[in-house]
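Before any comments, here is the structure.
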Amino acid sequence: MKVVFILGAGFSVEAGAPVQAKLLTEAIRLHQENPSDYDKKRFSIFKRFLTKQLGYAEDKLADVELEDIFTPLDRCLTESSQFRGIGLDKIMEVREAVFHVIGRTIQLILDKSDKSKQYINEFADYLTQKSSSRSHRAYRNSDPVSAISTNWDILLDNSIHQSIVENGHNAVVDYCCYISSRDEKDESIKPGLEKLGQGGFNVKLLKLHGSLNWLQCPRCMRLYARFSRKDGAIDYSNRESCRHCDRNFPEEKNNHLLASNLIMPTYIKDLSNPQYKVIWQNAGIEIAEADKLVFIGYSLPSADFEMRQLLSRMTRKNAEIEVVDYCSNIDGQQPIKNHWKKFFGKRKISFHFGGAKAYLDAL
């Protein structure tokens, strides 16, 4: 039986990760406590956009929804139109500033959290152990598990990497796209197919909205990654560039600065990036092959229509569905059940309302 885990924000909350709705609240609070935690120029651009262009009062900035920031910006980029006097170059500057604020906020919250991440470590061990059946070129006949995540944080990424290293496995975290190591001599990051060809195995983790440890070259579109480091929160005092394009086009070195490529909350997500096209295509294949789909901390929101259409199009009619959520109120559980049953119809659905940690501990 192949099991595919689909992870939402609720997966990481018990380990201290913030939910999306509270990100701006936390960003304002953390900046007030210590402004030096953020890049001064980028936070100023971010704040000025909210107050001058969107017209929010300073004491109401924490109430702004991320969709209301990115949807108009992305629509203007798509149509090559300005936004309230801001041209296309400035729109990109604003997006980069918000990228910085959001990425840095997640990084600060996780760094300061004292909540245990043990259940994520144990889940990583579980994924790694199951995936190890693909080693020694047995991958043609064995593909028991994968994880699809809508989260930006790298809690699970780091835990899988740690599990691989501590157990001495010949394996990699496989993002199911064309990935390169940021550090040229780092052999821990390479495409999963390359590792399978070497007789090792891959632990599949498909991140549909990007990852805080990814940076991308704007020219060749290579994705760079490394573990533990949250590179999506760019250090603007020490920008890095694509080593391949620097070597191929040395006369244009300043055009190869690596940038964050997170897919931010918006009602018109742009999935045209070639790396995301590959990730979403592979996610569809994983869903189609799944005998069981396990949703952990994912609410199947109506606004996430890209994911809904992917599930609607690719889920088998006989696939089992498990939904893991946290709701101790029995009266509150029924609307959740109705929501999922309405989407998946006659398929067998089971519910677990004890939260991610309790479910994974039992697993």
Side-chain angles (χ1 to χ4, degrees), residues 18 20-32 35-108 152 209-210 212 214-219 221 230-242 252 254-276 303-306:
Q20 178 184 305
K22 294 184 179 180
L23 275 175
L24 290 189
T25 301
E26 290 298 297
I28 300 301
R29 178 183 67 81
L30 290 169
H31 184 263
Q32 290 174 342
S36 64
D37 280 339
Y38 293 85
D39 179 82
K40 184 176 180 180
K41 177 182 176 182
R42 270 76 193 179
F43 197 93
S44 176
I45 292 171
F46 159 76
K47 187 175 180 180
R48 187 167 61 247
F49 177 75
L50 296 185
T51 55
K52 301 299 183 183
Q53 268 70 42
L54 296 184
Y56 289 101
E58 287 204 21
D59 60 347
K60 297 295 183 182
L61 295 185
D63 299 331
V64 181
E65 295 185 4
L66 288 177
E67 288 87 352
D68 291 333
I69 298 177
F70 282 99
T71 300
L73 290 177
D74 288 353
R75 187 58 178 266
C76 288
L77 287 174
T78 301
E79 297 179 344
S80 298
S81 59
Q82 64 170 232
F83 181 79
R84 293 183 175 273
I86 299 179
L88 293 180
D89 58 333
K90 293 295 182 182
I91 289 176
M92 291 301 297
E93 189 177 61
V94 170
R95 287 185 98 257
E96 184 181 71
V98 185
F99 273 14
H100 167 73
V101 172
I102 297 305
R104 185 67 178 138
T105 299
I106 295 173
Q107 180 179 3
L108 289 169
W152 300 315
H209 297 157
L212 282 177
W214 293 358
L215 291 176
Q216 188 169 35
C217 173
R219 183 166 197 155
M221 305 304 285
K230 303 174 183 69
D231 290 309
I234 295 173
D235 178 3
Y236 287 96
S237 64
N238 187 28
R239 292 289 295 272
E240 297 175 273
S241 59
C242 173
E252 302 173 24
N254 291 334
N255 294 327
H256 312 140
L257 294 178
L258 302 183
S260 174
N261 72 336
L262 300 176
I263 293 182
M264 288 294 181
T266 169
Y267 295 114
I268 48 171
K269 290 183 175 69
D270 181 6
L271 301 177
S272 62
N273 187 303
Q275 298 285 7
Y276 283 112
D304 197 359
F305 57 85
E306 292 94 350

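In what follows, residues are counted from 1 in the order of the sequence shown.
Closest of all the heavy-atom pairs between L258 and S241 is CG-C, 3.9 Å. Looking at every heavy atom in both residues, M264 comes nearest to V98 through CE-O, 4.5 Å.
For the atom pair CD1 of I91 and OG of S80, the computed distance is 9.0 Å after rounding to the nearest 0.5 Å. The distance from the CG atom of L262 to the CD atom of Q216 is 10.5 Å, given to the nearest 0.5 Å. Note that CG of L50 is 14.5 Å distant from NZ of K60, once rounded to the nearest 0.5 Å. Atoms CD1 and NE2, from I102 and H100 in turn, are 10.5 Å apart once rounded to the nearest 0.5 Å. Put simply, SG on C217 and CG on N261 are 11.5 Å apart, with the number rounded to the nearest 0.5 Å. Summarising the geometry, atom CG belonging to L61 is positioned 8.5 Å from atom CG belonging to L24; distances are rounded to the nearest 0.5 Å.
Under a 4.0 Å N-O distance rule, the pair R95/D74 qualifies as a salt bridge.
Judged by distance alone, the side chain of T105 and the main-chain N or O of V101 form a donor-acceptor pair under 3.5 Å. The backbone N or O of M221 sits less than 3.5 Å from a side-chain atom of Q275, completing a donor-acceptor pair. Under a 3.5 Å cut-off, the side chain of R104 and the backbone N or O of D37 do form a donor-acceptor pair. W152 places a side-chain N or O within 3.5 Å of a backbone atom of H209 that can act as its donor or acceptor partner.
Using a 4.5 Å heavy-atom cutoff, the side chains of I106 and P18 are in contact. Taking the side chain as every heavy atom from C-beta outward, Q32 and I28 approach each other to under 4.5 Å. Counting heavy atoms from C-beta outward, K90 and Q82 have side chains that stay 4.5 Å or more apart. Two residues are said to be in side-chain contact when any heavy atoms from C-beta on lie closer than 4.5 Å; D68 and L54 fail this criterion. A heavy-atom distance below 4.5 Å is found between the side chains of E67 and Q20.
More than 12 heavy atoms of other shown residues, nucleotides or ligands fall within 6.0 angstrom of atom CZ in R29.
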Evaluation steps, side chain to side chain contact (heavy atoms under 4.5 Å, CB included), between T266 and K269: CA-CA 6 Å; T266 169; K269 290 183 175 69; 3.8 Å; yes
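Sequence neighbours left out, the pairs with a member in residues 55-95 that pass ring pair (Phe, Tyr, Trp, His ring centres under 6.0 Å) are F49-F83.
Considering only residues two or more places apart in sequence or on other chains, Y38 meets the ring pair (Phe, Tyr, Trp, His ring centres under 6.0 Å) condition with H31, F43.
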